Structures are given as C-alpha cells and as structure tokens.
**Student:** 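The structure follows.
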Amino acid sequence: MKKNSLIKIDFLETPTDNSKDLAGLKRFWKNTEHLTRKREKHFDDVWTNGSEEEIFAELVFCLFTPQSKAVSCWVAVNELAEENMIFSATPEQIAKKIAKVRFRNNKARYVVEARKIFTVNGKIKIKEKLASFTDIYELREWIIKNIKGIGYKEAGHFLRNIGIGKELAILDRHILKNLKLLGAIGDIPKTLTKKTYIEIEKNMQDFCEKSGIPMAHMDMLLWCKESGGIFK
C-alpha cells in the first residue's frame with residue numbers, strides 16, 4: 001500500500017438540531033441533505049474506485065471504533081497507512097501506534113487475524129470475497145462469524161462505509177436514544193442480542209419508509225444530532 005493512499009474524509013459540520021419529532025427531523029434533513037448525499041457518494045466511491053487496501057482499511061477502522069471516538073480511529077488508521085503498517089506490522093507494533101484506540105492490544109490482534117483471512121498469495125483480496133455474496137444480510141452474517149471483533153453494529157458500519165450496506169442499521173447508543181425519542185422504538189434494550197438487533201433494524205427501516213428519509217441518511221442524521229457533524 002502506498003503511503004498516504006487512503007481516501008481522505010473530512011468532518012462535515014452541520015447546523016444545530018434539537019428536533020424531537022418526525023417533522024423537525026425532516027426539516028433538518030432538508031437543511032443538510034447536500035451533506036448527507038456528499039457523504040453517501042463518498043461511501044459509493046470507496047466500493048467503485050477504492051483499492052483492495054482501502055476497503056480493508058475501512059474494515060480496520062470499524063474494528064477500532066467500539067468504545068472509541070470515530071475521528072480518533074480514522075486518524076489511527078491513516079497513521080498506520082502512512083507507515084505501511086496495516087499489511088505488514090505485528091500486533092505489538094500496531095498496538096504501539098494506536099495509543100488513542102481503546103483496548104488497542106486486542107484490536108491490533110484482530111487486525112492481523114482479519115488480514116490473514118483476506119490475504120491470497122501475499123496480497124489483500126477482500127473485494128472479490130465481499131462481491132461473491134448476493135444477499136447483504138448473508139454477507140453481514142459471514143463477516144460476524146469469521147472476523148473476530150466484529151458484531152452487528154460494526155459489520156453494518158463497515159458495509160455502509162464501503163457503499164454496499166445502505167439498508168443496514170448501525171445501532172449505537174446515540175442512534176437508539178434518538179429512535180426512542182422519535183417513537184421508532186419503545187424502549188432501549190439493556191443488551192442487544194441478535195434477535196433484538198434485527199427487530200430494531202426492521203423498526204428503523206419501517207420508520208425510514210414512513211418518513212421518506214433513506215436509511216443511510218437517517219443514520220447520518222441521528223449521529224450528527226449528537227456529534228454536530230457527519231463523519232463515517
């Protein structure tokens with residue numbers, strides 16, 4: 001992987017939003033739609049124009065994100081890429097480089113284990129494997145089963161970020177909080193089992209259909225209500 005070869009991405013600041021109902025959320029969407037569509041195009045470009053290494057880097061990012069700040073995780077991925085470490089470094093070397101990522105020792109090990117899964121004849125070959133699935137839900141299950149450190153949220157996050165998982169939910173505490181606030185779900189579950197995750201995902205999909213806001217845009221809207229911007 002060439003140094004500095006990752007697709008760059010910026011944090012898109014958005015207007016302040018305190019909407020607590022669907023009408024307010026739709027107004028917020030209209031005010032920020034140019035930004036959500038810009039970010040959606042970026043995700044599409046990763047799949048269409050991104051290299052095998054860039055797509056794998058998105059997987060690494062999603063391995064880093066649990067209980068860590070997204071912006072800090074992307075900085076860590078870029079720092080690894082600049083030193084050509086993603087595809088050659090040991091878990092110990094990676095862990096030293098990602099000091100701002102929580103549980104960095106475990107996550108560094110997950111990166112190396114995932115790297116082995118997608119390495120063919122010494123090169124990363126991830127796109128062909130992903131493209132071999134015709135059902136995005138089956139692909140998500142395969143990812144969860146085979147890549148350590150990835151659950152439903154991280155798998156959906158990864159597939160959305162490479163432009164092929166637009167209908168998948170990325171259920172973190174911010175999304176769940178806003179789904180409850182908007183009446184899309186009743187209560188926030190204490191734990192997210194597979195059954196509960198899929199039920200909430202279906203509720204979110206139904207809510208998106210009712211609102212006319214695409215699923216991928218809804219995730220960005222609810223996330224930026226909490227963070228003040230659109231990122232990954």
Side-chain angles (χ1 to χ4, degrees), residues 1-9 39-66 68 70 73-74 76-91 93-95 98 101 103 106-172 192 194 197-198 201 205 215-216 219 232:
M1 186 175 189
K2 295 179 180 178
K3 291 187 177 183
N4 302 310
S5 64
L6 292 185
I7 298 174
K8 299 303 179 182
I9 189 165
R39 189 49 30 95
E40 184 178 28
K41 182 180 183 303
H42 164 82
F43 296 145
D44 291 343
D45 286 344
V46 173
W47 180 256
T48 303
N49 302 314
S51 66
E52 299 278 356
E53 291 83 3
E54 285 164 337
I55 291 173
F56 185 78
E58 292 288 350
L59 178 62
V60 173
F61 167 71
C62 292
L63 281 167
F64 286 172
T65 55
S68 296
C73 290
W74 189 241
V77 172
N78 274 273
E79 289 176 348
L80 289 173
E82 288 169 0
E83 298 297 327
N84 293 328
M85 293 179 66
I86 293 178
F87 306 102
S88 60
T90 65
Q93 290 169 329
I94 292 172
I98 58 172
V101 176
F103 310 112
N106 286 338
K107 292 176 180 179
R109 190 173 68 254
Y110 298 156
V111 170
V112 174
E113 291 177 4
R115 189 170 73 199
K116 292 176 182 177
I117 291 172
F118 294 111
T119 297
V120 179
N121 296 325
K123 294 183 179 181
I124 289 292
K125 296 290 184 181
I126 187 172
K127 196 169 184 177
E128 182 178 353
K129 180 62 180 179
L130 300 181
S132 70
F133 288 83
T134 57
D135 185 300
I136 196 66
Y137 299 99
E138 289 181 3
L139 173 56
R140 179 173 65 179
E141 292 293 336
W142 183 88
I143 289 172
I144 294 166
K145 180 180 179 181
N146 289 277
I147 303 176
K148 195 169 183 178
I150 292 283
Y152 279 89
K153 176 173 73 76
E154 293 79 28
H157 197 179
F158 167 58
L159 293 170
R160 191 283 306 271
N161 282 7
I162 62 172
I164 61 173
K166 296 182 182 182
E167 296 304 313
L168 300 177
I170 308 168
L171 300 179
D172 64 11
L192 274 177
K194 174 182 177 179
Y197 195 103
I198 291 173
E201 179 176 67
Q205 290 168 341
M215 185 79 162
D219 175 80
K232 292 175 71 68

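Fair warning: this is a prediction, and the values are worked out from it, not measured in the lab. Computed from heavy atoms alone, side chains included, the values below leave out hydrogens, waters and symmetry copies.
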**Student:** Would you say Val46 and Asn161 make side-chain contact, with heavy atoms under 4.5 Å?
**Tutor:**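 Contact flag for Val46/Asn161 side chains = no.
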**Student:** Can you check whether Trp47's main-chain N or O pairs, donor with acceptor, with Lys127's side chain at less than 3.5 Å?
**Tutor:**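 Yes.
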**Student:** Quick check against the 3.5 Å criterion: does Glu154 have a side-chain atom that pairs as donor or acceptor with the backbone of Thr65?
**Tutor:**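 Side chain of Glu154 to backbone of Thr65: no pair is present.
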**Student:** I'd like to know if the side chain of Tyr197 reaches the main chain of Leu171, judged simply by a donor and an acceptor atom lying under 3.5 Å from each other, with no hydrogens or angles considered.
**Tutor:**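 Indeed, once roles are kept as given, a pair shorter than 3.5 Å links the two residues.
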**Student:** Between Lys166 and Phe43, does a side chain to side chain contact (heavy atoms under 4.5 Å, CB included) hold up when you go through it step by step?
**Tutor:** CA-CA 10 Å; Lys166 296 182 182 182; Phe43 296 145; over 6 Å; no
**Student:** Give me the atom names and distance for the closest heavy-atom approach of Ile55 to Leu130.
**Tutor:**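 Where Ile55 meets Leu130 most closely, the heavy atoms are CG2-CD1, 4.2 Å.
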**Student:** Can you find a heavy atom in the side chain of Gln93 that is under 4.5 Å from one in the side chain of Ser88?
**Tutor:**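 Counting from C-beta outward, Gln93 and Ser88 never come under 4.5 Å.
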**Student:** Check for a donor-acceptor pair, side chain of Glu83 on one end and backbone N or O of Leu80 on the other, with a separation under 3.5 Å.
**Tutor:**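 Judged by distance alone, no pair lies under 3.5 Å.
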**Student:** Taking all atoms of both residues into account, what is the closest heavy-atom pair of Tyr137 and Gln205, and its distance?
**Tutor:**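 Of all heavy-atom pairs spanning Tyr137 and Gln205, the closest is OH-NE2, 3.0 Å.
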**Student:** Rounded to the nearest 0.5 Å, what separation is found between the NE2 atom of His42 and the CD atom of Glu40?
**Tutor:**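 The CD atom of Glu40 is 12.0 Å from NE2 of His42, to the nearest 0.5 Å.
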**Student:** If every non-hydrogen atom of Val101 is compared with every non-hydrogen atom of Ala76, which pair is closest and at what distance?
**Tutor:**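 Minimum heavy-atom separation between Val101 and Ala76: CG2-CB, 3.9 Å.
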**Student:** Describe, in one word, how the ring planes of Phe118 and Phe56 are oriented to each other, choosing from parallel (under 30°), tilted (30 to 60°) and perpendicular (over 60°).
**Tutor:**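 Geometry flag for Phe56 against Phe118: perpendicular rings.
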**Student:** Would you call Arg140-Asp135 a salt bridge at under 4.0 Å N-O?
**Tutor:**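 No, Arg140 and Asp135 are not salt-bridged.
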**Student:** Salt-bridged, Lys153 to Asp172, with N to O below 4.0 Å?
**Tutor:**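 Answer for the salt bridge query: no.
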**Student:** Write down the atom of Glu201, the atom of Met215, and the distance for their closest heavy-atom approach.
**Tutor:**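 Looking at all heavy atoms of both residues, the closest pair is O-CE, 4.1 Å.
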**Student:** Work out which heavy atom in Leu168 is nearest to a heavy atom in Gly156; give both atom names and the distance.
**Tutor:**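 Heavy atoms of Leu168 and Gly156 come nearest at CD1-CA, 4.1 Å.
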**Student:** Between CG of Leu59 and CD1 of Ile143, what distance do you get to the nearest 0.5 Å?
**Tutor:**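 It is 7.5 Å, given to the nearest 0.5 Å.
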**Student:** So, taking the atom named CG in Leu63 and the one named CZ in Arg109, what distance separates them when rounded to the nearest 0.5 Å?
**Tutor:**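 Reported value, rounded in 0.5 Å steps: 11.5 Å.
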**Student:** Compare all side-chain heavy atoms of Phe64 with those of Ile98 and state whether any distance is below 4.5 angstrom.
**Tutor:**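 Side chain of Phe64 against side chain of Ile98, heavy atoms only: contact under 4.5 Å found.
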**Student:** With side chain to side chain contact (heavy atoms under 4.5 Å, CB included) as the criterion, how do Phe87 and Lys123 come out once you've worked through the C-alpha distance, each side chain's angles and the decisive distance to 0.1 Å?
**Tutor:** CA-CA 9 Å; Phe87 306 102; Lys123 294 183 179 181; over 6 Å; no
**Student:** Are the charged groups of Lys194 and Glu141 less than 4.0 angstrom apart, N to O?
**Tutor:**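 A salt bridge is present here (some side-chain N lies under 4.0 Å from a carboxylate O).
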**Student:** Using every non-hydrogen atom in the two residues, find where Ile147 and Ala114 come nearest and quote the distance to one decimal.
**Tutor:**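 Of all heavy-atom pairs spanning Ile147 and Ala114, the closest is CG2-CB, 4.1 Å.
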**Student:** Any sub-3.5 Å donor-acceptor pair from Thr119's side-chain atoms to Gly122's backbone N or O?
**Tutor:**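 Flag not set: sc Thr119 to bb Gly122 has no pair under 3.5 Å.
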**Student:** Quick one, Arg160 and Ile170 - any side-chain contact, counting heavy atoms below 4.5 Å?
**Tutor:**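 Yes - at least one pair of side-chain heavy atoms lies under 4.5 Å apart.
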**Student:** A side-chain contact here means heavy atoms from C-beta on lying under 4.5 Å apart; do Ile117 and Ile126 qualify?
**Tutor:**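 Counting from C-beta outward, Ile117 and Ile126 never come under 4.5 Å.
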**Student:** For Ile144 and Tyr152, run side chain to side chain contact (heavy atoms under 4.5 Å, CB included): C-alpha distance rounded to whole Å, both residues' side-chain angles, the deciding distance at 0.1 Å, then the answer.
**Tutor:** CA-CA 7 Å; Ile144 294 166; Tyr152 279 89; 3.5 Å; yes
**Student:** With the side chain counted from C-beta on, respond yes when Ile164 and Asp44 share a heavy-atom pair under 4.5 Å apart, and no when they do not.
**Tutor:**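 Side chain of Ile164 against side chain of Asp44, heavy atoms only: no contact under 4.5 Å found.
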**Student:** Is the ring centre of Phe61 less than 6.0 Å from the ring centre of Phe158?
**Tutor:**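 Phe61 vs Phe158: aromatic centres not under 6.0 Å.
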**Student:** Using modelled atom types only, decide if a donor and an acceptor are shared between the side chain of His157 and the backbone of Lys232 within a distance under 3.5 Å.
**Tutor:**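 Between the backbone of Lys232 and the side chain of His157 there is a qualifying donor-acceptor contact (under 3.5 Å).
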